[in-house]
2 protein chains.
Amino acid sequence: MTISLTEENYLKAIYSLSSSSVDEAISTNQISDKLNIKAATVTDMLKRLSEKKLINYIPYRGVKLNEKGKQTAVKVVRKHRLWEVFLVEKLNFKWDEVHEIAEQLEHINSDELILRLDKFLGKPKFDPHGDPIPDAKGLLNVVKAVALNKHKTKSEFIFVGVTEHSKSFLQHLTAIGLKIGDTLKIEDINDFDNSFKVKINKHNTRFFSNKVAANILVDIKK
Amino acid sequence: MTISLTEENYLKAIYSLSSSSVDEAISTNQISDKLNIKAATVTDMLKRLSEKKLINYIPYRGVKLNEKGKQTAVKVVRKHRLWEVFLVEKLNFKWDEVHEIAEQLEHINSDELILRLDKFLGKPKFDPHGDPIPDAKGLLNVVKAVALNKHKTKSEFIFVGVTEHSKSFLQHLTAIGLKIGDTLKIEDINDFDNSFKVKINKHNTRFFSNKVAANILVDIKK
DNA sequence: AATATTTTTTAGCCTAACCTAAAAATTTAT
DNA sequence: ATAAATTTTTAGGTTAGGCTAAAAAATATT
Ligand SMILES: [Mn+2]
Ligand SMILES: [Mn+2]
Ligand SMILES: [Mn+2]
Ligand SMILES: [Mn+2]
């Protein structure tokens with residue numbers, strides 16, 4: 001039984017929606033919004049994925065991935081993130097340029113290729129956006145990082161990832177001069193608009209809107 | 001106007017058929033045989049490619065690529081061969097393992113990616129099977145190599161490529177111990193079955209069936 | 001030149017993956 | 001507990017890319 005590119009994209013979407021709302025069923029409309037595909041079409045596909053035993057679908061009640069479906073989705077995510085590492089580390093793309101190309105490459109079907117690509121890249125644990133790369137068994141380092149705007153303390157943080165992957169957001173961070181691994185220290189939070197005054201690498205002071213801060217993931221520096 | 005994966009495969013097939021019979025129109029049946037798609041389906045597609053101004057198609061008279069179609073086909077070939085070099089040179093695949101994966105990778109759509117991949121690989125001129133890689137402008141080193149079995153002389157040759165790309169043939173050459181770049185000297189041609197007795201790199205004597213010799217391309221050693 | 005064979009096209013069908021409009025089920029508000 | 005609003009499904013349509021069977025055109029044989 002073969003899984004089409006389109007089916008892979010539906011599974012990936014359901015997987016991604018599931019990880020933000022743990023253990024709850026995903027609705028037709030959520031998938032429709034995420035993929036920009038009309039709800040009626042999504043219903044069609046859910047029936048087909050259910051037929052193929054990749055999901056548990058109850059009409060009107062939503063959908064969950066089963067083991068097979070989750071495995072398939074995680075594999076696509078693994079491929080996506082490995083290819084992003086390849087594009088940045090080996091071909092010198094910038095982190096805001098790789099997502100669209102990886103959207104294509106993630107559907108290339110060859111286990112041997114993933115295996116060798118992973119080895120060639122030195123078995124990376126994270127992609128250029130700080131997202132964890134599932135291992136060959138589908139196991140994934142859960143990232144316990146928290147968005148910068150959830151913190152109020154003036155302690156030091158390390159910038160470990162982003163939750164938004166749009167070109168404009170990533171380019172904005174590059175323009176500010178912020179890269180993954182940088183040290184961040186909250187110096188002030190403005191009462192008026194909840195914007196952040198932050199010191200980067202103990203050198204440069206920058207201001208982040210709350211929206212920017214909400215999409216920056218940090219670990220507390222030890 | 002976007003060109004689908006399927007359309008790319010038809011254009012590539014027509015291109016490949018054209019290079020063996022220069023300047024003659026390609027028939028519906030030739031394409032049907034090459035792609036293992038029924039002739040009626042091919043006719044359908046030829047009408048569509050003609051609509052899209054990628055080919056010159058005259059019903060009952062066959063088809064030729066026009067400039068646009070040729071350009072598209074050559075670009076797919078360029079991508080295919082660059083990816084094969086990547087797989088062999090960087091990921092250590094064997095030359096008989098890469099074709100199927102390259103059949104997928106050749107459809108990844110990103111000019112910037114081809115550009116950077118080419119640079120990363122050191123702008124290679126030939127793929128692992130000795131096939132020339134078209135440059136960014138679509139220009140191609142014409143290979144003037146001749147099949148070994150066309151030669152009768154006992155002079156020395158260099159093995160520069162293969163005309164057959166099947167796994168079984170390539171594995172056979174590997175088993176014999178023959179690699180691209182090796183020196184070949186015809187020691188004898190058997191009257192009975194036209195098989196070749198050949199010395200490889202002045203060391204090892206091997207016997208090639210005429211069919212094998214027909215698929216080995218050689219240059220005369222200077 | 002007429003007939004037989006081969007090649008190609010046309011006609012009619014199918015499936016995957018999309019769509020819109022309408023109906024049905026569920027959820028929310030009164 | 002109804003009624004209104006929202007969500008989801010069903011019904012019917014489209015396009016790309018495949019198929020088979022039959023018709024038409026081109027080519028080969030007598
Ligand atoms: Mn991405
Ligand atoms: Mn990423
Ligand atoms: Mn190949
Ligand atoms: Mn090749």
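Protein chains get the first letters and strands the later ones, always in sequence-line order, with residue 1 at the start of each.
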Legend entry - Between C1' of dA25(C) and CD1 of I58(A), the distance in whole Å: 15 Å

Legend entry - Spacing of I37(B) atom CD1 relative to dA16(D) atom P, expressed in whole Å: 16 Å

Inset, instruction - Considering only NZ, NE, NH1 and NH2 on the basic side and carboxylate oxygens on the acidic side, decide whether K167(A) and E100(A) come within less than 4.0 Å. - result: no

Legend entry - Integer-rounded Å distance: dT15(C) C1' and E51(A) CD: 14 Å

Inset, instruction - Check DNA chain D against residues 1-23 of chain B and give the residues with a non-hydrogen atom under 4.0 Å, in numerical order. - result: S4(B), T6(B), Y10(B)

Legend entry - E97(B) bridged to K94(B) by N-O distance under 4.0 Å: yes

Legend entry - Under-4.0 Å salt bridge between D135(A) and R78(A): no

Inset, instruction - Could you work out which one of dT9(C), dT9(D), dC19(D) sits closest to the side chain of T28(A)? - result: dT9(D)

Polar atom pairs between nucleotides 22-26 of chain D and protein, under 3.5 Å, N or O only, would you list them?
from: dA26(D); atom 1: O3'; to: R61(B); atom 2: NH2; distance (Å): 2.9

Inset, instruction - Mind listing the residues from residues 40-50 of chain B sitting with a heavy atom below 4.0 Å of DNA chain C? Number order is fine. - result: A40(B), T43(B), K47(B)

Inset, instruction - Nearest whole angstrom, please: distance from the P of dC18(C) to the CD1 of I31(A). - result: 13 Å

Legend entry - Stepwise side-chain hydrogen bond (donor to acceptor under 3.5 Å, both in side chains) check, N210(A) with S195(A): CA-CA 5 Å; N210(A) 194 279; S195(A) 65; over 6 Å; no

Inset, instruction - Please report, rounded to the nearest Å, how far the P atom of dT9(C) is from the NZ atom of K38(B). - result: 16 Å

Inset, instruction - Name all residues meeting the ring-ring contact (aromatic ring centres under 6.0 Å, His included) criterion together with H99(A); count only those two or more places apart in sequence or in a different chain, and write none if there are none. - result: H80(A)

Legend entry - Separation of atom OH in Y57(B) from atom C1' in dT10(C), rounded to whole Å: 11 Å

Legend entry - Euclidean distance, atom NE2 of residue H107(B) to atom P of dG17(D) [Å, nearest integer]: 12 Å

Inset, instruction - May I ask you to check whether F86(A) and F86(B) place their ring centers less than 6.0 Å from one another? - result: yes

Inset, instruction - Give a yes/no on whether any side-chain N or O of N29(B) is located under 4.0 angstrom from OP1 or OP2 of dT8(C). - result: yes

Inset, instruction - Could you note down all residue pairs passing ring-ring contact (aromatic ring centres under 6.0 Å, His included) where residues 106-145 of chain A supplies at least one of them, sequence neighbours left out? - result: H129(A)-H165(A)

Inset, instruction - Please lay out, stage by stage, how S110(B) and E112(B) fare under the test side-chain hydrogen bond (donor to acceptor under 3.5 Å, both in side chains). - result: CA-CA 5 Å; S110(B) 164; E112(B) 191 63 27; over 6 Å; no

Legend entry - Charged N-O contact under 4.0 Å between K12(A) and E103(A): yes

Inset, instruction - May I have all residue pairs that pass side chain to side chain donor-acceptor pair (under 3.5 Å) and include part of residues 21-50 of chain A, sequence neighbours excluded? - result: S16(A)-K34(A), S27(A)-Q30(A)

Legend entry - N-O pairing of D193(A) and K211(A) below 4.0 Å: no

